[in-house]
Amino acid sequence: MKYLKQINILTNKYRLEALKHVGVFFIILLGFHFFYNIFLRPLVDVEPYNILWFSLQKLLYTHSTWVLENIIGYDFMRDGFLITFPGRGFILVDETCSATKWLLHFLVLMLIFPGPWKHKSWFIPMGLILVHAISVSRIVGLSMVYVNIPQYWDFFHDYVFRPFFYLMLFLVWVYWVEVFLDKPKTTGKRFL
């Protein structure tokens, strides 16, 4: 507690509130990462808990294949959670793709991070929809890579789309901090 007080004094004195917020962001993110892998991830194989992963996997698969078929115009076959491209191979949308971890990352981050609950009540659901949309764009993007430049699929899977999600999560969080947490106090005076 003594150290937290000293950190608050230093951040206020040198106007480092943003750095303090980023530190808290990363502590929550890393803490949840370890919590998820130790306690939640093992539930994927346990009935009835795995219904969450299965439901989100099915939702992601359905939305991704809809975009691939109706917007991108790709020809493929559906088989379970496989997206099979004739003559090319397939992509499996498994439970790790379901974005359950990412959705929970966002949810926990927003529940723990300070801010007015009147805004959290709508910001959290909108953020969850955004996280799902990012997940759909990830599956669609990986499908496009697989069809057009399959030799780069592993690179895009590991080094482009995964960091892209964390960047988007960070930007949504920055928006939260800038708009709802660190709202400047107005004095009623207007400057022209």
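Side-chain atoms are counted along with the backbone in the values below, which use heavy atoms only and exclude waters and symmetry mates.
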Ring centres under 6.0 angstrom apart (Phe113, Phe25):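 No, the ring centres sit 6.0 Å or more apart.
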
Return the [atom1] to [atom2] distance between [X] and [Y], rounded to the nearest 0.5 Å.
X	Y	atom1	atom2	result
Ile139	Ile91	CD1	CD1	7.5 Å
Met144	Ser137	CE	OG	11.0 Å
Ile27	Ile112	CD1	CD1	11.0 Å
Leu104	Leu56	CG	CG	8.0 Å
Leu103	Ser135	CG	OG	6.0 Å
Ile51	Leu43	CD1	CG	13.5 Å

Check: Thr65 side chain, Thr62 main-chain N or O, donor-acceptor pair, under 3.5 Å: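 Pair found, side chain donor or acceptor close to backbone of Thr62.
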
Main-chain N/O of Cys97 paired with Asp94 side-chain donor or acceptor, under 3.5 Å: yes

Is there a chain of hydrophobic side chains (I, L, V, M, F, W, Y, each step under 4.5 Å between heavy atoms) that links [X] to [Y]?
X	Y	value
Leu142	Val131	no
Leu30	Leu111	no
Trp176	Met168	yes
Phe155	Ile149	yes
Val93	Tyr74	yes

Tell me whether the rings of [X] and [Y] are parallel (<30°), tilted (30 to 60°) or perpendicular (>60°).
X	Y	result
Tyr146	Phe85	tilted
Phe123	Phe106	tilted
Phe164	Phe161	perpendicular
Tyr152	Phe156	perpendicular
Phe180	Trp122	perpendicular

Compare every heavy atom of [Y] with every heavy atom of [X], then report the nearest pair and how far apart it is.
X	Y	result
Lys120	Pro125	O-CD, 3.9 Å
Val147	Pro150	O-CD, 4.3 Å
Leu40	Trp53	O-CH2, 3.3 Å

Ion pair Glu95/Lys58, N-O distance below 4.0 Å: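 No, this pair does not count.
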
Validation row: [X], [Y] side chains within 4.5 angstrom (heavy atoms):
X	Y	value
Tyr159	Asp154	no
Trp102	Leu107	no
Leu109	Phe32	no
Ile83	Tyr61	yes
Leu169	Leu29	yes
Lys101	Asn37	yes
Leu60	Val136	yes

Steps toward side chain to side chain contact (heavy atoms under 4.5 Å, CB included) verdict (Tyr36, Val108): CA-CA 11 Å; Tyr36 180 87; Val108 168; over 6 Å; no

Pair listing, salt bridge (Lys or Arg N to Asp or Glu O under 4.0 Å) test, anchored in residues 65-86, at least two apart: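 Passing the test, one end in residues 65-86: Glu69-Arg78.
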
Partner residues of Phe76 under the ring-ring contact (aromatic ring centres under 6.0 Å, His included) criterion, sequence neighbours left out: none

Crowding at CZ, Phe90 (>12 non-hydrogen neighbours, <6.0 Å):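 At most 12 heavy atoms, drawn from other residues, nucleotides or ligands, come within 6.0 Å of this atom.
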
CA sep, side-chain torsions, deciding dist, call: Phe81, Phe54, side chain to side chain contact (heavy atoms under 4.5 Å, CB included): CA-CA 10 Å; Phe81 290 110; Phe54 178 77; 3.6 Å; yes

Pair His33-His105, side-chain donor/acceptor within less than 3.5 Å: no

